Amino acid sequence: MLDTILGKIRRLIPPKVFGFFQPAYHFTLSFTAALWYRFPSQDIKVIAVTGTKGKSSTTEILNAILEEAEYKTALSNTIRFKIGKTSSSNLYKMSMPGRFAIQRFLRNAVEQKCDYAIMEMTSQGALLYRHRFIELNAFVFTNLAPEHIEAHGSYENYADAKASICRTLAISHKTNKIIIVNADDPESKRFLECEADKKILYGINDVKPYAIKNEGIDFTFNGKIVHSKLSGLFNLYNILAAASTALSQGISDEALIRAVEKFNKIPGRVQKIEVGQDFAVVVDYAHTPNSLEKFYQVFKSTRNICVLGGTGGGRDSWKRAEMGRIADTYCEEIILTNEDPYDEDPNKIVNDVAQGIISRKLTIIMDRRLAIREACKRAKRGDSVLITGKGTDPYIMGPNDTKIPWSDAEVAREEIKKLINPCSENTI
């Protein structure tokens with residue numbers, strides 16, 4: 001609430017004046033929030049996870065492993081907030097909420113006697129100093145690729161914002177501080193330069209031989225064969241990040257393997273929608289070229305009908321045609337639709353994406369529900385309907401901060417049910 005009030009006051013300040021004082025403003029606000037909640041991160045083990053992709057998935061898998069090892073956990077990510085057994089959806093439309101919300105979350109975790117707080121941290125959150133005054137025990141880096149370039153001004157600034165989260169580990173007063181880094185990522189060196197008591201590298205060679213299948217992943221872990229119900233090479237990397245972190249905390253192989261084999265889904269991430277149809281329907285958050293291509297590669301053996309919007313309004317316009325090109329490569333039919341236009345003309349966004357589509361059947365349906373309905377109507381037995389861009393996002397964001405309540409997964413379920421039983425009613 002206080003973050004919201006201060007935000008309204010900030011908008012009354014001339015941009016040039018605010019720009020000059022911006023770093024001091026954010027720093028002071030972060031300090032005030034930590035002070036107000038009595039610096040709660042001092043009293044709990046805190047693990048921060050950052051990267052361009054895989055943050056939410058890695059935190060969810062790590063949470064499952066720690067719970068299997070009988071630790072009480074708190075979890076903050078794009079999908080949800082959880083303290084102990086109590087979980088609620090993240091409705092902020094941001095991975096890292098305001099500083100007071102973050103510090104309140106940590107204080108509640110301490111009061112509920114949680115052993116660990118697992119936190120997704122982002123470059124935009126770091127830009128606003130939301131990671132400051134959080135004492136870290138461990139830092140996890142998943143991967144890095146261009147994103148949020150408009151917000152940061154350049155890729156180098158974006159990468160440095162990510163690295164600034166790592167640098168907070170050096171000033172943390174915790175003992176036995178650990179960095180866990182994806183050694184296969186070209187940017188790994190940037191994060192290994194951060195100070196820590198221990199640095200752990202993970203990579204695909206750690207789990208060879210492995211096999212990526214439509215129904216899951218088989219891989220080798222410390223000499224044991226493990227089966228995960230998750231799909232895709234990217235999820236194998238997410239499992240590796242979570243497993244490496246868990247091992248750094250003294251979790252046994254047995255508890256780790258039990259958790260990985262039990263874990264079967266991440267909401268909004270390769271989420272399969274099944275209501276009795278004879279074709280696959282999958283919802284995924286993929287909203288960058290890299291993540292979209294990796295997602296589509298999971299379904300390269302099926303005929304794909306793809307629903308996508310490309311990118312949110314006012315940001316990362318450079319990637320729109322590239323998203324279209326990737327869909328053109330992997331999809332038999334493409335339906336472009338509205339996503340999160342904010343104050344930009346949604347038709348312009350869709351037309352920018354269409355520039356990359358040259359060889360596939362293209363349809364533009366701006367109503368997202370109707371686009372999902374049409375994709376499901378076209379699907380035949382064995383096809384895959386792939387719906388990307390929103391994941392678990394709870395709203396479609398329009399002009400002047402308007403919000404339309406939304407769920408790709410629920411809309412897909414409703415539309416499939418109506419196809420199967422035309423007499424069924426729309427429940428939204």
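Quick caveat: nothing in here was measured; it's all calculated off a predicted structure.
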Is there a donor-acceptor pair under 3.5 Å between the side chain of [X] and the backbone N or O of [Y]?
| X | Y | value |
| --- | --- | --- |
| K82 | G84 | yes |
| T337 | G309 | no |
| R107 | R38 | yes |
| K55 | T52 | yes |
| T73 | N63 | no |
| K199 | L192 | yes |
| K417 | V275 | no |
| S291 | A286 | no |
| N90 | I79 | no |
| D206 | G203 | yes |

The criterion is salt bridge (Lys or Arg N to Asp or Glu O under 4.0 Å); which residues satisfy it with [X], sequence neighbours excluded?
| X | answer |
| --- | --- |
| D316 | K319 |
| D352 | R320, K348 |
| E187 | R190 |
| D343 | none |

For this session: Apply ring-ring contact (aromatic ring centres under 6.0 Å, His included) to the pair F141 and Y202, showing each step before the final yes or no.
Result: CA-CA 10 Å; F141 166 67; Y202 67 89; 8.5 Å; no

In terms of heavy-atom contacts, does [atom1] of [X] have more than 12 from other residues, nucleotides or ligands at under 6.0 Å?
| X | atom1 | value |
| --- | --- | --- |
| W36 | CH2 | no |
| K198 | NZ | no |
| E70 | CD | no |

Could you check whether [X] pairs with [Y] (Lys NZ or Arg NE/NH1/NH2 to Asp/Glu carboxylate O, under 4.0 Å)?
| X | Y | value |
| --- | --- | --- |
| E195 | K177 | no |
| E147 | K53 | no |
| E410 | R413 | yes |

Working to the nearest 0.5 Å, report the span between [atom1] of [X] and [atom2] of [Y].
| X | Y | atom1 | atom2 | value |
| --- | --- | --- | --- | --- |
| Y129 | S30 | OH | OG | 9.0 Å |
| L136 | M121 | CG | CE | 5.0 Å |
| T302 | Y330 | OG1 | OH | 12.5 Å |
| I239 | L62 | CD1 | CG | 12.5 Å |
| N77 | T122 | CG | OG1 | 12.0 Å |
| L256 | R258 | CG | CZ | 10.0 Å |

If a pair satisfies disulfide (SG to SG under 2.5 Å) and one of its residues is in [range], list it, with sequence neighbours excluded.
| range | value |
| --- | --- |
| residues 143-174 | C166-C194 |
| residues 76-125 | none |
| residues 47-80 | none |
| residues 68-111 | none |

For this session: Apply the test side chain to side chain donor-acceptor pair (under 3.5 Å) to residues D160 and N157: give CA-CA distance (whole Å), side-chain angles for both, the deciding distance (0.1 Å), then the verdict.
Result: CA-CA 5 Å; D160 189 66; N157 289 345; over 6 Å; no

Side chains of [X] and [Y] in contact at under 4.5 Å (non-hydrogen atoms):
| X | Y | result |
| --- | --- | --- |
| N351 | I364 | yes |
| K45 | D115 | no |
| L66 | I118 | yes |
| K390 | V283 | no |
| I225 | T220 | yes |
| V46 | K174 | yes |
| P289 | M323 | yes |
| L230 | I61 | yes |

Exercise. Looking at I134, I47, T50, I165, which hits side-chain contact (heavy atoms from CB on, under 4.5 Å) with M119?
Worked result: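 The residue from I134, I47, T50, I165 that satisfies side-chain contact (heavy atoms from CB on, under 4.5 Å) with M119 turns out to be I134.
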
For this session: Would you please classify the geometry between the Y116 ring and the Y71 ring as parallel, tilted or perpendicular, with 30° and 60° separating the classes?
Result: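 Rings of Y71 and Y116: perpendicular, over 60°.
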
For this session: Specify whether Y155 and Y158 have parallel, tilted or perpendicular ring planes, treating 30° as the upper limit for parallel and 60° as the lower limit for perpendicular.
Result: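 Judged by the thresholds at 30° and 60°, the geometry between Y155 and Y158 is tilted.
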
If you compare all heavy atoms of [X] against all heavy atoms of [Y], which two are closest, and at what distance to 0.1 Å?
| X | Y | answer |
| --- | --- | --- |
| Y296 | A327 | CE1-CA, 3.7 Å |
| C376 | I416 | SG-CG1, 3.9 Å |
| I251 | L247 | O-CD2, 3.5 Å |
| F27 | R132 | CE1-NH2, 3.7 Å |
| A109 | I44 | CB-CD1, 3.8 Å |

For this session: Kindly write out the residues that satisfy side-chain contact (heavy atoms from CB on, under 4.5 Å) with P341, not counting sequence neighbours, or none if the list is empty.
Result: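 So P341 forms a side-chain contact (heavy atoms from CB on, under 4.5 Å) with N338, P346, I349, I396.
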
Exercise. Is the NZ or CZ atom of K403 both under 6.0 Å from the centre of the six-membered ring of Y395 and within 45° of that ring's axis?
Worked result: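 The answer is yes; both the distance and angle limits are met.
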
For this session: Mind checking ring pair (Phe, Tyr, Trp, His ring centres under 6.0 Å) for Y210 and listing every partner two or more places apart, or none if nothing turns up?
Result: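 If we apply the ring pair (Phe, Tyr, Trp, His ring centres under 6.0 Å) test to Y210, skipping adjacent residues, there are no hits.
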
For this session: Before giving the answer on side chain to side chain donor-acceptor pair (under 3.5 Å), spell out for T402 and N400 the whole-Å C-alpha distance, their side-chain angles and the decisive distance to 0.1 Å.
Result: CA-CA 6 Å; T402 55; N400 301 314; over 6 Å; no

For this session: Would you please name every residue forming a disulfide (SG to SG under 2.5 Å) with C306, sequence neighbours left out?
Result: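 Here the qualifying residues are C331.
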
Please tabulate, one pair per line, all N/O donor-acceptor pairs under 3.5 Å involving side-chain atoms of residues 259-269, not counting sequence neighbours.
from, atom 1, to, atom 2, distance (Å)
E261, OE2, H227, N, 3.0
K262, NZ, E68, OE1, 2.9
K262, NZ, E68, OE2, 3.2

Exercise. Taking the six-membered ring for Trp, are F133 and Y37 ring centroids under 6.0 Å apart?
Worked result: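 No; Y37 has its ring centre 6.0 Å or more from that of F133.
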
Exercise. Hey, which of N182, D185, D184 is the one that makes side-chain hydrogen bond (donor to acceptor under 3.5 Å, both in side chains) with Y237?
Worked result: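 Output: one option passes, namely D184.
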
